[in-house]
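Nothing here was measured: the structure is a model prediction, and the numbers come from that model. Proteins get letters first, then strands, A, B, ... in listed order; numbering begins at 1 in each.
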Number of protein chains: 2
Amino acid sequence: MGLLSVRNRFIEKLRNFATLSDPAEAALEAATRNASKLPARRDLIREGDRPGPVFVVLDGWACRYKILPNGGRQILAYLMPGDCCDLHIGLLAEMDHGIQTITPAQVATISGGEMDSLLTDHRGFARAMYITQLVDEGTMRAWITSMGRRTSKERASHLLCELYLRARNIGLTDGIELVLPLSQIMLADSLGMTPVHLNRVLKELRLSGTIQLRRGSVAIVDPARLAQIAGFDENYLHRRLRPAIAG
Amino acid sequence: MGLLSVRNRFIEKLRNFATLSDPAEAALEAATRNASKLPARRDLIREGDRPGPVFVVLDGWACRYKILPNGGRQILAYLMPGDCCDLHIGLLAEMDHGIQTITPAQVATISGGEMDSLLTDHRGFARAMYITQLVDEGTMRAWITSMGRRTSKERASHLLCELYLRARNIGLTDGIELVLPLSQIMLADSLGMTPVHLNRVLKELRLSGTIQLRRGSVAIVDPARLAQIAGFDENYLHRRLRPAIAG
DNA sequence: CGGATTATTGAACCTGATCAAAGTTCGTGG
DNA sequence: CCACGAACTTTGATCAGGTTCAATAATCCG
């Protein structure tokens, strides 16, 4: 990476899933050059909105969420640096969920037409995007499984495992330490429990020496134990990929 | 539909999402001609298996599921006649969940290569498949929301609403009556609750005159009430679509 | 520095789980 | 065609995980 180039976490992520040609990287670089800085808690798009371009989070965190009639909130997924929303989002008439920044974030947009050309012109990019989508789906299935069949302690541990691994994959960890800009309220809204109960669960994990909590970060002191509590199997993140049969 | 042609529920479903050219329909007809009859409770593929071709359920029901270390099962989605699994499934090294028939079923397979040609040759088909995938994702998000933030009664009602609407969309209902080949055990494994408790919830819905239960079918006696209990918003099924901008 | 948001703890309560048993329905083989 | 066993449904009684309500402490942000 040259001195003048800023790292592009979107491209870095896609490289994990496929080989990108130089022209592909250049095109992606160009396509995400329009990134703008957004404050925390800013909606990129709301449920009911008509979808427009694809959002690419180049830096910072965001989340997908739904609000229920009774006012409750369910967080559906976290977008970390390099993540993006569904590539074909523009085919829909209406969003079935909202997307909001959690921290201040750098977000680029790629129009449907531009995305289509990128996909047809750069097969490596297309491949990487398809895999990305499969990973996102796998993650949703893991969440459903957690919510349905894991206890609150297992569930919280599972989410921490996931976030730790995802963060590590993109170089966001420092050893066992993970920068985690999520309040316990957000975590509780992800896990389908109350902040009060989550707080007690975290306390238990803390006291057993499994994790350490600071504001804005977690340290996974005993990863093996955490994974064992969670019944964590990282297969759904699909780091091991099928070797491509010819470019 | 000519006298000699058997209805192809896959094609019928896709027509809801995009206009298919005659050549496209012919190609799809040909691609699914290899369908074979499978018995109930037969795994199409298991967690950990290396994915092969795309499965298309032409008739009968199937489900995606995960088994947990402790033996518990979580059902992740239902595949009804016309539904198929992820179109890019072949890119992965390993399945993160299993797919199993529920009833005897007619299942066709489309190889990755064949799928790729179909997608490039028939844009309407590609469009329909992308929308299908977005609907599947929306459905998963609705399930996460249900599990996280709805009570058992709301959750059960929500699932019944979903299944009723999906069945009606493909002509599987008879008025308020819905053919539902799901045991209460399966429903409980979908909803993240015990069969015992689900049974009591269903009893309550039955006694309040909201639904009627027979073996293998449900009648939605009071759809408005059921939707109101569930807090059901059908937007995630994306029946209203964005009009295509040119072919 | 001051208001607002977040984290932590306690106590009472309730939804849904667990354990157990009886009643139904269904498929299969005799 | 009936009998049998297996799987599913239904009901009861008890228990526990997690919620709710409430109050205090800690932290952040402008």
* Asked: For nucleotides 14-30 of chain D, read 5' to 3', which letter fits each nucleotide if B means a protein heavy atom sits under 4.0 Å from the base, S means only the sugar-phosphate is that close, and - means neither?
  -> ----BBBB-----SS--
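- Separating the CG atom of B:L207 from the P atom of D:dT10 is a distance of 11 Å, rounded to the nearest angstrom.
- With salt bridges taken as basic N to acidic carboxylate O contacts below 4.0 Å, one links B:E12 and B:R7.
- Computed from coordinates, the B:Q184 CD to C:dG16 P distance equals 16 Å when rounded to whole Å.
- At least one side-chain nitrogen or oxygen of B:N199 sits closer than 4.0 Å to the OP1 or OP2 atom of D:dT10.
- A distance of 7.0 Å separates CG of B:L160 from CG of B:L205, quoted to the nearest 0.5 Å.
- The nearest whole Å value for the distance from the CG atom in A:L180 to the P atom in C:dA7 is 11 Å.
- Rounded to a whole Å, the CZ atom of A:R41 is 10 Å from the C1' atom of C:dT6.
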* To do: Could you check A:D83 against A:R166 for salt bridge (Lys or Arg N to Asp or Glu O under 4.0 Å), going step by step and ending with a plain yes or no?
  => CA-CA 11 Å; A:D83 289 339; A:R166 287 176 57 191; 2.9 Å; yes
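- Distances shorter than 4.0 Å separate none of the side-chain N or O atoms of A:K203 from OP1 or OP2 on C:dT8.
- What separates CG of B:N70 from P of C:dA17 is a distance of 14 Å, to the nearest Å.
- B:L191 places its CG atom 12 Å from the P atom of C:dG16, with the value rounded to the nearest Å.
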* Asked: Going through the distances and angles, do B:E234 and B:R239 end up as a salt bridge (Lys or Arg N to Asp or Glu O under 4.0 Å)?
  -> CA-CA 8 Å; B:E234 62 174 309; B:R239 301 287 299 172; over 6 Å; no
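- The distance from atom CG of B:D86 to atom CD of B:E137, rounded to the nearest 0.5 Å, is 8.5 Å.
- Salt bridge B:K153/B:E204: present, at least one basic N to carboxylate O contact under 4.0 Å.
- Using modelled atom types, one finds a donor on one side chain and an acceptor on the other under 3.5 Å when comparing B:Y65 with B:D43.
- Distance CE (B:M186) to C1' (D:dA7): 14 Å, rounded to an integer number of Å.
- Summary of helix geometry: the two end axes of the helix from C:dC1-D:dG30 to C:dG30-D:dC1, each defined by five base pairs via their C1' atoms, are inclined to each other by 60° (rounded to 10°).
- Summarising the geometry, the separation between CD on B:E154 and P on C:dG16 is reported as 9 Å, rounded to the nearest angstrom.
- Every side chain to side chain contact (heavy atoms under 4.5 Å, CB included) that B:L68 has, sequence neighbours left out, goes to A:T145, A:R149, A:R150, B:N70.
- A:E162 and A:Y236 share a donor-acceptor pair across their side chains, judged by distance under 3.5 Å alone.
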